[in-house]
Amino acid sequence: MLDKERGLYIAHCAEGALSITGKMANRHGLIAGATGTGKTVTLQVMAETFCQAGVPCFMADMKGDLSGISQVGKMSGFIEKRLPEFGIENPEFQACPVRFYDVFGEQGHPMRATVSQMGPQLLSRLLQLNETQDGVLNIVFRIADERGLLILDLKDLRSMLDWVAQHAKEYTTKYGNISSQTIGAIQRALLQLESQGADHFFGEPSFDIYDLLQTEGGKGVMSVLAADKLMLQPKLYSTFLLWLLSELYSTLPEVGDLPLPKLAFFFDEAHMLFTDTSKALLDKIEQVIRLIRSKGVGIYFITQSPTDIPENILGQLGNRVQHALRAYTPKDQKAVKTAADTFRANPAFKTDEAIMNLETGEALVSFLDEKGAPSIVQRAKVLFPLSQIGAITEGQRLDIIKQSRIYGKYDTPVDRESAYEILMRESQEAEKDVDVKETAEKPAKAEKKKPGMFSKVFKAIMTAVTSTLAAVLGSYVSEKVTGKKTKSRTSAKERVVKNATSAATRTITKELTRDILGNLVK
């Protein structure tokens, strides 16, 4: 609830209002607590308070409950009972301007990114590749850049992987070994990703980050991502939100500390971001979170326990709302102690005991003061939302989608020429060149194999001459060996020559006749 005197009024304790200081809202924050303790309502209260101050917000809606922020709230017995606690007499129930998004394009405007925008590092995390496979994927992206090939969707990436596999020897000395087994493993991971529906996310038109930074009627637009289906694929969900943060970080200009942030980014189920994440990527996440505040963006993580967040990142979350935690096991007790140690102690109560005894809607709250120092933790009650608590109907959602200013901007996918089309064309042209070459070589081979008329006649003559000489020599050798002369030597030789000559003549005549008839038939 926006209050000019109080600032971003979020909760109320015995000492009075607890508000987030506007210029400290980009120093990030944490909303933690066990299931059913009121984290979602706290998120809604904080988001609509930012909205009233003109700060747009992005949030993931896990169960559809946050869609109610688009409708005017109403009085209930629960709210009426708590009015005196907050010093409010007549609450002004109101709705927030909302845009619904959905990676799958079913419950909101589609949100897409190109594979190149995602980059090899985030894509490797999404595909759960090992170090070797990650290295090969980086090589594929490098080769695509060198050849000027755009990798926009998954079929582009598949084509690039296939092409690199076929030309692996050309790049081995330059980039290292590229085995077909590694390429095959990446292809299988892509197939699994496609089966999860990720192919809906990769492509164009890619999402414009500046659509998250809109206002309507002086209020910040609430960008609500339908995440009920997306949550079934934790890696896709967390990698997608990390991509959004990375895009914001790389796109937005430096602005320093503003009176109010440009955008409040709520990262629900934040533990998924850090599960099975490599050291290199954790370092990148830490860098983004540390530096993005200077771009005017405040990030608020929502999770069950502060222990879900790495210490280096937890230390950067200055605005804290801690709901109840349960301590049934030694591990739970350790989590409670860790959560208590993250607050600046209040001598009025023991923080660790208070965490376990908080009621629904009640929380331990500590916000940064004007100088950026954490305030003493207070036991407080979070305000009630001025918008509707709970989900809206499908009809209401559809009406909001159709009335949106960006309706139609992302709804129709675009498939322009990229790596897939170019490599397919090159492959087809190469096949045509091979066919033309083979066609040109066939007549030459045929002529080479088929003897001409002269060759046939010459062969026949040589055969006849050889036969004649063999016969004459045979007769001569026979006389020398036996010492006997043939009675009619001359006639015998004549007969041999005559027979041989007749055979040669018949052979030549036969070949000539066959060639002449063959030419006539042609």
Side-chain angles (χ1 to χ4, degrees), residues 112-196 198-199 201-204 206 235-236 239 242-243 246-247 250 277-281 283-284 413-445:
R112 299 186 189 90
T114 65
V115 174
S116 294
Q117 284 177 318
M118 178 69 74
Q121 190 176 36
L122 290 182
L123 192 61
S124 178
R125 178 183 188 270
L126 188 57
L127 296 173
Q128 301 182 58
L129 303 182
N130 60 32
E131 187 176 349
T132 301
Q133 295 160 356
D134 175 62
V136 170
L137 187 64
N138 275 274
I139 292 173
V140 170
F141 272 77
R142 174 68 66 86
I143 293 172
D145 287 341
E146 291 176 352
R147 297 200 63 205
L149 298 175
L150 297 175
I151 307 179
L152 303 179
D153 51 28
L154 291 183
K155 71 177 186 298
D156 288 330
L157 182 56
R158 282 192 175 281
S159 298
M160 276 304 305
L161 286 165
D162 184 55
W163 190 89
V164 170
Q166 294 176 21
H167 299 80
K169 292 182 180 178
E170 301 173 21
Y171 296 100
T172 298
T173 55
K174 186 175 182 181
Y175 295 117
N177 187 45
I178 304 172
S179 69
S180 58
Q181 292 84 355
T182 301
I183 295 289
I186 299 174
Q187 292 279 33
R188 288 191 297 273
L190 280 176
L191 182 62
Q192 185 178 7
L193 193 63
E194 283 180 312
S195 67
Q196 296 174 358
D199 53 324
F201 169 61
F202 292 105
E204 290 186 315
S206 57
K235 283 290 182 185
L236 179 58
T239 306
L242 181 55
W243 166 77
S246 300
E247 282 293 294
S250 61
T277 301
S278 67
K279 176 66 166 59
L281 190 54
D283 291 341
K284 180 179 179 180
V414 176
D415 189 12
R416 62 184 170 120
E417 185 176 79
S418 49
Y420 172 78
E421 288 77 15
I422 293 173
L423 293 176
M424 282 290 291
R425 186 168 62 247
E426 289 181 359
S427 177
Q428 291 170 357
E429 289 174 355
E431 289 177 2
K432 285 182 181 178
D433 291 341
V434 171
D435 292 340
V436 170
K437 185 177 179 181
E438 289 180 350
T439 303
E441 289 176 350
K442 280 181 181 178
K445 290 180 180 178

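The heavy-atom pair separating Glu204 from Leu152 by the smallest distance is OE1-CD1, 3.5 Å. Nearest heavy-atom pair, Asp156 versus Ile151, reported as atom, atom and distance to 0.1 Å: CB-CA, 3.9 Å. Closest heavy-atom contact between Met118 and Phe201: CE-CE2, 3.3 Å. Between Ala113 and Trp243, the shortest heavy-atom distance links the atoms CB-CZ2, 3.3 Å.
In this view, Ser278 and Ala280, Leu281 satisfy the side chain to side chain contact (heavy atoms under 4.5 Å, CB included) rule, not counting sequence neighbours. The side chain to side chain contact (heavy atoms under 4.5 Å, CB included) check on Thr182 picks up Thr132, Gln133, Val136, Ser179, Ile186, with sequence neighbours excluded. When the side chain to side chain donor-acceptor pair (under 3.5 Å) test is applied to Glu131, no partner is found at least two apart in sequence or on another chain. Partners of Lys155 under the salt bridge (Lys or Arg N to Asp or Glu O under 4.0 Å) rule, at least two apart in sequence or in another chain, are Asp153, Asp415. Legend: residues meeting side chain to side chain contact (heavy atoms under 4.5 Å, CB included) with Ile139, ordered by chain and number and at least two apart, are Ile143, Tyr175, Ile178.
Distance alone, capped at 3.5 Å, is enough to place a donor-acceptor pair between the Glu421 side chain and the Ser418 backbone. Put simply, the side chain of Thr239 never gets that close to the backbone of Leu236: no donor and acceptor are under 3.5 Å apart. Looking at Gln166, its side chain never comes within 3.5 Å of a backbone N or O of Trp163 through a donor-acceptor pair. Using modelled atom types, one side-chain atom of Ser246 and one backbone atom of Leu242 make a donor-acceptor pair closer than 3.5 Å.
Note that CD1 of Ile422 and CG of Leu149 are 5.0 Å apart. Values are rounded to the nearest 0.5 Å. Taking CE of Met160 as the reference point, atom CG of Leu157 lies at 8.5 Å (rounded to 0.5 Å). A distance of 3.5 Å separates OG1 of Thr277 from CZ of Arg125, quoted to the nearest 0.5 Å. Note that CG of Leu127 is 11.0 Å distant from CG of Leu122, once rounded to the nearest 0.5 Å. In this structure, Ser180 OG and Asp162 CG are separated by 11.5 Å, a value rounded to the nearest 0.5 Å.
For the pair Leu123/Phe202, a side-chain contact is recorded, criterion being any heavy-atom separation below 4.5 Å from C-beta on. Using a 4.5 Å heavy-atom threshold, the side chains of Lys174 and Glu146 count as touching. Side-chain contact check for Tyr420 versus Leu150: every heavy-atom pair is 4.5 Å or farther apart. Side-chain contact between Leu137 and Leu129 is present, with heavy atoms from C-beta onward closer than 4.5 Å.
No hydrogens or angles considered: nothing links the side chains of Ser206 and Arg112 as a donor-acceptor pair under 3.5 Å.
For residues 183-192, the pairs satisfying side chain to side chain donor-acceptor pair (under 3.5 Å) are Arg158-Gln187, with sequence neighbours left out.
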